[in-house]
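Labels below follow one simple rule: chain letters A, B, ... track the order of the sequence lines, proteins then strands, and each chain is numbered from 1. Any value given below was found using the heavy atoms of this structure, including those in side chains, with hydrogens, waters and symmetry copies removed.
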Amino acid sequence: MARIVGGVGCSHAPSIAHSFDRGLQNDPVWAPLYKGYEPAKAWLDKLKPDLIVAVYNDHMNRFFFDAYPTFALGVSDKHPQADEGWGKRDLPDLPGDAEFSWHLAQSLVEDEFDPTICQEMTVDHGILSILPLLTDNRWPAPLVPFAANVIQHPLPTPKRFFHLGQAIRRAVESYPKDLRVLVVATGGMSHQLHGDRFGFMNPDWDNEFLDLLEHDPQKLVNLRHHDYMERGGAESVEMIMWLAMRAALGEKVRRIHRHYYAPMLTGYGLIVFEGADA
Amino acid sequence: MTATYRGTPIAGTTVFTGARSRQGYRINKFAMSLTDPSKRDAFRADERGYMTSCGLTEAEMDLVAKRDWKGLVAAGGNIYVLIKVGGSVGQNLLQMGAQMRGQSFEEFMQSRPARQGAAIERKN
Ligand SMILES: [Fe+2]
């Protein structure tokens with residue numbers, strides 16, 4: 001039987017990808033972010049998961065508003081990188097796991113989650129901005145991308161993401177192979193990228209979110225989108241995806257690592273959990 | 001600009017609702033098309049011609065010509081696709097944000113924690 005052996009929540013951002021590609025790891029502005037990832041990287045290196053399930057959102061690189069899926073699951077053995085509008089980065093395609101993905105599809109639909117099933121799924125900075133910070137391997141394990149709509153309202157509720165995480169756990173635990181699975185959820189913490197409030201960040205709220213995610217996630221489940229947008233900026237509503245990762249780990253978690261850094265436009269948060277029963 | 005979201009305003013915020021997505025559909029479809037390198041080249045070679053082929057209105061094309069990101073958001077543009085337009089014309093998100101705030105790039109950058117020597121870091 002497969003089981004979940006860990007969870008990572010982290011902010012994704014094009015700026016992270018940009019800093020990585022320009023080699024700014026030791027730049028004074030960027031070094032704290034990269035140092036903050038070191039313990040997570042060491043942990044992942046030891047953990048050696050067999051499979052990664054990633055809950056994230058696409059930023060109009062794979063999907064457009066002509067037909068925008070509320071949930072979408074990539075089910076192929078390979079996920080090429082999307083061109084986001086300024087050329088592809090020097091990274092190899094992500095490996096996938098079609099067999100597990102189709103099992104996940106089956107299990108989720110039986111569990112009353114109905115994602116769009118994608119045999120072609122290019123991935124963008126929602127996954128690729130942070131993966132190179134978590135590992136020096138290209139890549140450490142096959143990855144199953146699960147994309148959510150957190151851009152065009154109406155969005156799935158925070159509670160829906162929590163339930164999604166529980167459903168992912170049931171899917172993992174009903175898979176016959178002995179896979180050790182890492183669940184990753186990405187989504188920028190406080191940031192707003194438009195209007196008069198462009199550049200808004202709220203480190204106090206971001207850190208309260210990290211506290212609650214660990215100890216009392218139901219408080220986060222019970223907030224409205226409006227609360228997230230008001231506290232963290234409109235685009236930060238994507239933080240609700242972290243709830244899927246938290247729920248996938250079970251009721252109690254052991255925190256392995258936590259880091260937060262807000263230098264420019266987005267609160268860069270990172271949290272690493274193991275299930276208390278792991 | 002303040003818009004209401006389900007009857008409640010959030011200051012300085014335009015929530016990307018279905019109504020906005022409908023309103024900005026042409027702009028956003030044009031912007032999304034720039035994820036294709038050959039279309040970026042076509043746009044750069046002849047901005048107006050390319051936008052005409054995408055069916056943008058004169059008013060929408062004027063907003064792009066003026067690099068008026070604030071105006072494009074007001075017209076239903078979504079920032080995640082507008083940055084593809086920015087990328088094609090050599091403007092990054094920070095520059096676009098300064099324009100939306102009505103500030104110069106330098107003014108805006110001075111407001112950033114990293115520039116103030118006070119980037120917020122917390123470890124616990
Ligand atoms: Fe995002």
Does the A:Arg197 side chain pair with the main chain of B:Thr13, one donor and one acceptor, at a distance under 3.5 Å?
-> no
Under the salt bridge (charged side-chain N to carboxylate O under 4.0 Å, His left out) rule, what do A:Asp204 and B:Arg122 come out as? Steps first, then yes or no, please.
-> CA-CA 10 Å; A:Asp204 288 338; B:Arg122 293 189 196 172; 3.1 Å; yes
Going from CG on A:Asp83 to CZ on B:Arg40, what distance comes out if it is rounded to the nearest 0.5 angstrom?
-> 4.0 Å
Bottom line for B:Ile83: the part with an atom under 4.5 Å from chain A's heavy atoms is both
Can you tell me how far CZ of B:Phe108 sits from CG of A:Leu265, rounded to the nearest 0.5 angstrom?
-> 5.0 Å
From B:Ile79, B:Asn78, B:Val73, residue fulfilling side-chain contact (heavy atoms from CB on, under 4.5 Å) relative to A:Leu193 = B:Ile79
How about B:Arg20 and A:His153: do any of their side-chain heavy atoms sit closer than 4.5 Å?
-> no
Most chain B-contacting option - heavy-atom pairs closer than 4.5 Å, from A:Gly85, A:Gly36, A:Gly233, A:Ala82 = A:Gly85
Does NZ in A:Lys41 sit with more than 12 non-hydrogen atoms of other residues, nucleotides or ligands closer than 6.0 Å?
-> yes
Count the heavy atoms of every other residue, nucleotide or ligand shown that sit under 6.0 Å from CG of A:Asp90, and state whether that count exceeds 12.
-> no
So, the part of A:Gln192 with a heavy atom under 4.5 Å from chain B: the answer is side chain
Distance in Å, B:Tyr80 OH paired with A:Gln152 CD, rounded so as to fall on 0.5 Å steps = 13.5 Å
Under the side-chain hydrogen bond (donor to acceptor under 3.5 Å, both in side chains) test, which residues partner A:Arg89, sequence neighbours left out?
-> A:Asp21
For residues B:Val15 and A:His226, determine if any side-chain heavy atom of one lies less than 4.5 Å from a side-chain heavy atom of the other.
-> no
Counting heavy-atom pairs under 4.5 angstrom with chain B, the leader among A:Ala234, A:Gly199, A:Gly87, A:Ser15 is A:Gly199
Can you name the residues that form a side-chain contact (heavy atoms from CB on, under 4.5 Å) with B:Asp41, not counting sequence neighbours?
-> B:Arg44
If one checks every heavy atom of A:Asp66 against chain B at 4.5 Å, the contacting part turns out to be both
Under 4.5 Å between any side-chain heavy atoms of B:Pro113 and A:Met201, yes or no?
-> yes
For the pair B:Lys84 and A:Asn61, evaluate side-chain contact (heavy atoms from CB on, under 4.5 Å) and give the outcome as yes or no after the intermediate values.
-> CA-CA 10 Å; B:Lys84 303 179 196 312; A:Asn61 293 307; 2.6 Å; yes
Would you give the length of the straight line joining atom OG1 of B:Thr35 to atom NZ of A:Lys88, rounded to the nearest 0.5 angstrom?
-> 10.5 Å
Please report the closest heavy-atom contact between A:Met264 and B:Arg112, naming both atoms and the distance.
-> O-NH1, 2.7 Å
Any residue of residues 24-33 of chain B which, by heavy atoms, sits under 4.5 Å from chain A | B:Tyr25, B:Asn28, B:Lys29, B:Met32
Could you go through residues 93-106 of chain B and list every donor-acceptor pair under 3.5 Å that involves a side-chain atom there, pairing it with any protein atom two or more places apart or in another chain?
residue, atom, partner, partner atom, Å
B:Gln95, OE1, B:Asn92, N, 2.7
B:Gln99, OE1, B:Trp69, N, 3.1
B:Gln99, OE1, B:Lys70, N, 3.1
B:Gln99, NE2, B:Asp68, OD1, 3.1
B:Arg101, NE, B:Gln103, OE1, 3.0
B:Arg101, NH1, A:Asp196, O, 3.0
B:Arg101, NH1, A:Phe198, O, 3.0
B:Ser104, OG, B:Glu107, N, 3.0
B:Glu106, OE1, B:Gln110, NE2, 3.4
B:Glu106, OE1, B:Arg115, NH1, 3.3

Between chain B and each of A:Pro28, A:Pro203, A:Pro14, count heavy-atom pairs under 4.5 Å; write down the option with the most.
-> A:Pro203
